[in-house]
Amino acid sequence: MRIKSLILAALCMVTVGVYAQSNYPFNGLDMNMGNLSRLSDAKTRSISPENFTGEKGKGGMADPVRDKDQRNVANAHHAAKDLGKGWKVNPFIIVKPGETITIAEIEGPGAIQQIWMTPTGNWRFSILRMYWDDEKEPSVECPVGDFFCSAYNEYAQLSSLAVCVNPGSAFNCYWKMPFRKKARITLENINTAEEMRLYYQINYTLTEVPEDEAYFHAQFRRSNPTQGSLHTLIDGVKGKGQYVGTYLAWRVNDNCWWGEGEIKFYMDGDKEYPTICGTGAEDYFCGSYNFENQKTRQYQEFTTPYAGMHQVIRPDGLYRAVTAFGLYRWHILDPVRFDKDLKVTIQDLGWRHDGRYNNQKSDISSTTFWYQAEPHAKFPALPSKDDLEIPRW
């Protein structure tokens with residue numbers, strides 16, 4: 001009887017274990033209001049200067065006395081010296097001129113779900129790079145300001161599903177970034193004259209990653225000025241994936257309406273003519289008729305979940321001589337899917353006085369966002385520090 005009871009008990013334990021595993025099939029990805037109540041075996045972790053590794057139970061361990069002489073450890077040791085360990089001892093890091101720091105290194109599988117940071121200094125001179133699994137070449141390479149739709153180094157409020165910019169310089173992104181083996185994020189300070197202070201937090205989950213999950217990519221390019229009145233946002237993408245977003249920092253060098261140019265998506269062998277051809281810049285960014293407020297006769301900033309023109313920088317009669325715009329378009333509900341290759345361009349066109357198009361020479365910077373299966377093609381080299389800069393007094 002005792003042997004029979006032990007066998008029954010063992011069978012019950014196995015049954016309960018199988019039931020428990022099958023009862024939580026949700027992997028914790030693809031979050032939305034409809035699945036917030038679902039239980040999951042995914043593990044939530046977070047990296048910040050108070051927990052560089054994101055390990056369980058390893059946050060807030062810096063000591064204001066013992067660690068005060070170690071660089072990037074206990075940076076707030078003076079403020080915390082009366083309270084001691086556990087009281088906001090190391091809330092930020094310092095990135096010295098010319099230095100590159102790894103701000104996250106995560107063993108997978110899992111996915112980054114949200115990034116917050118607030119950098120100081122020139123946002124064009126801080127280069128963000130992300131590497132997935134065992135990559136030697138980054139899948140993300142972009143100035144931190146442009147990655148967060150803030151190319152001009154000054155605050156402009158933005159509220160969207162993918163990126164939020166909040167007072168006073170709080171950058172947030174919600175792009176899902178899955179990885180299978182490893183994720184590594186670095187930040188390089190190419191400013192040779194100024195150190196950078198960085199507060200940041202990277203929230204991620206450790207969980208199973210389905211086979212059909214592609215990898216996140218972002219690439220920066222600049223045409224200053226455009227050649228042939230054309231700016232290439234991206235070219236040379238090889239593989240299968242989907243294009244999911246565009247940010248443009250557009251500085252206009254003419255005194256006219258500047259956004260007549262069409263955006264074109266060349267995919268899967270397209271040569272002279274694209275598969276997708278838009279009808280104008282304001283149309284692509286989900287606006288109309290020059291983004292003009294008909295009552296004020298001024299450009300009208302707007303920010304929505306999927307598209308916006310959240311920033312307009314106007315001439316001030318002194319050193320600000322041109323008008324500049326920040327625009328974004330997220331293809332969250334309408335991703336542009338490609339099977340083999342992708343190229344995206346936008347024309348730089350305005351109007352002449354007699355109703356003809358004006359082939360302009362604007363200064364256009366773009367950051368493009370897409371997902372694709374690896375490996376990806378090597379990115380073109382970033383512009384030099386001087387060619388990245390947007391001069392300002």
Side-chain angles (χ1 to χ4, degrees), residues 124 143 145-146 149-154 156 219-235 243 245-266 272-274 276-294 297-302 307-329 343-368 380 382-384 386-393:
R124 265 284 168 92
D146 294 79
C149 305
S150 300
Y152 301 110
N153 216 69
E154 58 184 77
Q219 184 182 122
F220 172 88
R221 293 190 180 211
R222 186 181 190 183
S223 299
N224 183 27
T226 56
Q227 302 298 311
S229 297
L230 190 72
H231 173 70
T232 298
L233 286 80
I234 198 167
D235 192 8
Y243 184 95
T246 305
Y247 166 67
L248 291 187
W250 194 318
R251 302 174 73 233
V252 182
N253 293 319
D254 288 314
N255 295 321
C256 62
W257 166 242
W258 46 274
E260 284 302 312
E262 297 176 338
I263 191 165
K264 302 177 188 292
F265 290 81
Y266 301 81
E272 184 176 0
Y273 299 106
I276 298 174
C277 186
T279 58
E282 79 268 55
D283 310 332
Y284 172 70
F285 291 102
C286 300
S288 70
Y289 292 104
N290 310 356
F291 303 118
E292 183 179 333
N293 184 315
Q294 295 298 320
R297 301 305 305 273
Q298 297 289 317
Y299 288 112
Q300 180 62 64
E301 296 92 333
F302 69 101
M309 183 178 71
H310 63 294
Q311 190 168 27
V312 180
I313 296 178
R314 297 167 173 84
D316 63 3
L318 190 58
Y319 298 115
R320 286 188 173 180
V322 302
T323 308
F325 304 86
L327 310 109
Y328 66 93
R329 169 70 157 90
K343 176 182 178 180
V344 185
T345 65
I346 191 166
Q347 298 167 333
D348 183 17
L349 295 179
W351 285 114
R352 297 186 181 276
H353 73 283
D354 58 359
R356 291 179 297 133
Y357 292 132
N358 177 27
N359 51 327
Q360 302 172 145
K361 293 180 173 63
S362 300
D363 172 8
I364 301 177
S365 298
S366 62
T367 303
T368 53
L382 277 178
S384 69
D386 287 349
D387 290 332
L388 281 172
E389 183 180 9
I390 298 176
R392 54 179 303 199
W393 190 256

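- Between the side chain of Glu282 and the backbone N or O of Gly287 there is no donor-acceptor pair closer than 3.5 Å.
- Nearest heavy-atom pair across Leu233 and Arg221 is O-CD, 3.5 Å.
- His353 places none of its side-chain heavy atoms less than 4.5 Å from the side chain of Asn358.
- Although no hydrogens or angles enter the test, the distance criterion places a donor-acceptor pair under 3.5 Å between the side chain of Asn253 and the main chain of Lys361.
- Within 6.0 Å of CZ in Phe302 there are more than 12 heavy atoms belonging to other residues, nucleotides or ligands.
- In this structure, Tyr152 contributes its side chain and Ile390 its backbone to no donor-acceptor pair below 3.5 Å.
- For the pair Tyr247 and Phe220, the minimum side-chain heavy-atom distance is 4.5 Å or more.
- His231 pairs in a side chain to side chain donor-acceptor pair (under 3.5 Å) with only one of the listed residues (Ser362, Ser223, Ser365), which is Ser223.
- Checked by atom type, the side-chain pair Thr246/Tyr284 shows a donor-acceptor distance below 3.5 Å.
- Under 4.0 Å is where a charged nitrogen must lie from a carboxylate oxygen, and between Asp354 and Arg356 at least one such pair does.
- In this structure the side chain of Ile263 reaches within 4.5 angstrom of the side chain of Ile346, judged on heavy atoms.
- Under a cut-off of 6.0 angstrom, the local environment of CG in Asp316 is crowded, with over 12 non-hydrogen atoms contributed by other residues, nucleotides or ligands.
- The line from OG1 of Thr323 to CD1 of Ile313 is 10.0 Å long, rounded to the nearest 0.5 Å.
- Panel note: side chain Asp254, backbone Cys256; no donor-acceptor pair is recorded below 3.5 Å.
- A donor-acceptor pair under 3.5 Å is formed between the side chain of Arg222 and the backbone N or O of Asp387.
- In the model, Asp348 has a side-chain atom that pairs as donor or acceptor with a side-chain atom of Gln360 under 3.5 Å.
- Aromatic ring centres of Phe325 and Tyr299 lie closer together than 6.0 Å.
- Smallest separation of non-hydrogen atoms from Pro274 and Tyr266: N-CE2, 3.5 Å.
- For the atom pair CG (Leu230) and NZ (Lys264), the distance works out to 9.0 Å, reported to the nearest 0.5 Å.
- Of the possible polar contacts, none joining the Arg251 side chain to the Asp363 backbone as a donor-acceptor pair under 3.5 Å is found.
- The CZ atom of Arg329 lies 11.0 Å from the CG atom of Asp283; values are rounded to the nearest 0.5 Å.
- Counting only heavy atoms from C-beta outward, the side chains of Met309 and Gln300 never approach each other to under 4.5 Å.
- Considering all non-hydrogen atoms of both residues, Ser366 and Leu248 come closest at CB-CD2, 3.3 Å.
- Across all non-hydrogen atoms, the minimal contact from Asp146 to Ala151 is OD2-CB, 3.3 Å.
- Glu301 pairs by the side-chain contact (heavy atoms from CB on, under 4.5 Å) definition with Val312, Arg314, not counting sequence neighbours.
- Glu260 places no side-chain N or O within donor-acceptor distance of the main-chain N or O of Trp258, the cut-off being under 3.5 Å.
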